[in-house]
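Working notes, structure below.
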Amino acid sequence: MKLGYNEASCKKRSDVWADLTLCEKYGYDYIELRLDMLKEFLKKHPLSELQAFFAGSRLRPYALNSIENINFNVSIKWDLLLDLFKFACETAQAIGCPYIVVVPTRGTEANTRDEKQVLDDSVKVLTELADIARPYGVKLAFEPIGDRRYCCTGIRQALEIVNAVGRDDVGLTVDSFTFYLQDKAANLDVLKRIPGDKLFIYHLADCEDLPLGVLDHSHRLFPGDGCIPLKAITDAVRATGYDGIASLELFRPEYWDMDPEEIIRVGADKCRAILG
Ligand code: ZN
């Protein structure tokens with residue numbers, strides 16, 4: 001697998017330009033850019049500066065993160081979501097970025113909708129978004145989150161959705177942390193059953209050994225520093241035939257306060273130790 005970096009990891013003290021420069025310095029192959037950070041960057045820089053960076057670097061863009069709460073939107077929210085999504089498609093096309101990460105809707109309480117409702121709505125919205133993205137040459141990577149407030153919490157459910165959509169430009173993101181968040185990675189076989197051509201992105205993070213229901217993104221740790229069976233998960237991801245990126249994705253406030261260079265340097269070493 002190739003080494004990737006997701007801008008969530010240092011989003012508080014870094015910016016797009018610093019992330020690009022540091023990722024190149026520490027030998028990352030790919031970067032996943034955040035849409036909020038991209039918008040900040042584009043307030044002060046023309047898009048051509050980003051294009052020029054990638055033209056002169058071995059670092060490549062891999063995905064834009066993320067379009068969230070895609071399900072069950074009322075029209076005003078849907079219009080806002082579409083505005084952001086079209087911005088993502090245009091930017092992705094301009095810099096040669098192949099994927100956009102899309103995330104199911106999170107409620108304030110545990111999701112109570114049944115799976116059929118979630119499947120039907122997800123097929124509808126993913127198809128609509130993929131129809132918009134297709135002329136831009138961009139694919140959608142649907143990322144289930146194993147927190148019960150999300151309407152799609154696991155890989156089995158997400159794969160059923162992606163299979164029901166049935167198109168080659170809609171696939172999955174597997175995130176070692178959000179996978180662990182569902183059932184502490186009790187079922188690795190579900191990963192092995194993903195067809196290789198349906199797995200688009202692999203996010204890599206470890207976490208603290210806390211009970212489900214307490215554990216959340218703020219407890220993410222560098223790969224190898226926590227309790228997630230990352231080598232076994234990575235092996236299961238490889239067993240699908242996937243050979244894309246393993247992308248460091250940390251949302252830990254303590255890391256956000258640290259020097260971005262330290263996070264990006266240490267993160268590269270920690271990811272490489274897991275990937276072998
Ligand atoms: Zn992720």
Side-chain angles (χ1 to χ4, degrees), residues 1-68 79-103 129-130 132-141 143 169 173 200-205 244-252 255-269 271-272:
M1 283 185 211
K2 304 286 192 296
L3 182 60
Y5 172 77
N6 185 299
E7 283 199 296
S9 305
C10 295
K11 66 175 188 166
K12 186 171 160 190
R13 285 186 55 190
S14 196
D15 58 28
V16 167
W17 199 254
D19 284 343
L20 291 172
T21 311
L22 291 169
C23 284
E24 185 170 50
K25 179 174 176 182
Y26 291 102
Y28 288 80
D29 302 294
Y30 289 92
I31 186 165
E32 295 184 75
L33 297 160
R34 277 182 66 88
L35 290 166
D36 54 354
M37 292 173 74
L38 258 180
K39 287 207 160 189
E40 279 304 305
F41 176 83
L42 292 172
K43 282 181 189 169
K44 296 175 198 147
H45 306 261
L47 186 59
S48 58
E49 239 175 80
L50 205 52
Q51 292 169 309
F53 175 88
F54 286 122
S57 170
R58 59 175 288 285
L59 184 71
R60 311 300 313 150
Y62 198 83
L64 301 184
N65 285 246
S66 47
I67 301 295
E68 294 165 13
D79 289 346
L80 289 172
L81 185 148
L82 282 185
D83 285 347
L84 183 63
F85 184 68
K86 285 172 189 165
F87 163 76
C89 288
E90 287 164 6
T91 310
Q93 183 185 42
I95 61 174
C97 178
Y99 298 108
I100 296 173
V101 176
V102 292
V103 179
L129 294 175
I132 294 168
R134 179 162 280 175
Y136 297 93
V138 181
K139 298 181 178 186
L140 306 184
E143 180 172 350
D169 52 1
T173 302
F200 291 172
I201 302 176
Y202 176 39
H203 287 162
L204 193 58
I245 64 169
S247 186
L248 178 71
E249 187 184 43
L250 308 166
F251 281 90
R252 187 177 181 84
Y255 292 164
W256 288 338
D257 288 332
M258 289 169 62
D259 178 1
E261 178 154 8
E262 181 73 2
I263 299 294
I264 289 173
R265 181 182 64 78
V266 172
D269 291 344
C271 287
R272 288 187 179 115

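What you are looking at is a predicted structure, and each value in this text was computed from that prediction instead of being measured.
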Just by distance, do the side chain of [X] and the backbone of [Y] share a donor-acceptor pair under 3.5 Å?
{"X": "Trp17", "Y": "Leu50", "value": "no"}
{"X": "Arg34", "Y": "Asn65", "value": "no"}
{"X": "Tyr28", "Y": "Ala268", "value": "yes"}
{"X": "Glu143", "Y": "Thr173", "value": "no"}

Return the [atom1] to [atom2] distance between [X] and [Y], rounded to the nearest 0.5 Å.
{"X": "Met37", "Y": "Lys39", "atom1": "CE", "atom2": "NZ", "result": "15.0 Å"}
{"X": "Leu82", "Y": "Lys86", "atom1": "CG", "atom2": "NZ", "result": "5.0 Å"}
{"X": "Phe251", "Y": "Ser9", "atom1": "CZ", "atom2": "OG", "result": "8.0 Å"}

- Heavy-atom pair with the smallest gap, counting every atom of Leu20 and Leu59: O-CD2, 3.7 Å
- Item | Contact summary for Pro61 and Pro98, nearest pair of heavy atoms | O-CD, 3.5 Å
- side-chain contact (heavy atoms from CB on, under 4.5 Å) involving Asp29 - partner list, sequence neighbours excluded: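 So Asp29 forms a side-chain contact (heavy atoms from CB on, under 4.5 Å) with Lys2, Leu3, Arg58.
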- Task: Ignoring hydrogens and angles, state whether a donor on the side chain of Ser247 or Glu249 is under 3.5 Å from an acceptor on the partner side chain.
- Result: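 No, Glu249 and Ser247 have no side-chain donor paired with an acceptor closer than 3.5 Å.
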- Message: Checking Tyr255 against Glu262: is there a side-chain donor and acceptor pair closer than 3.5 Å?
- Response: no
- Any idea how Tyr62 and Tyr30 line up, ring-wise: parallel (<30°), tilted (30 to 60°), or perpendicular (>60°)?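 Rings of Tyr62 and Tyr30: perpendicular, over 60°.
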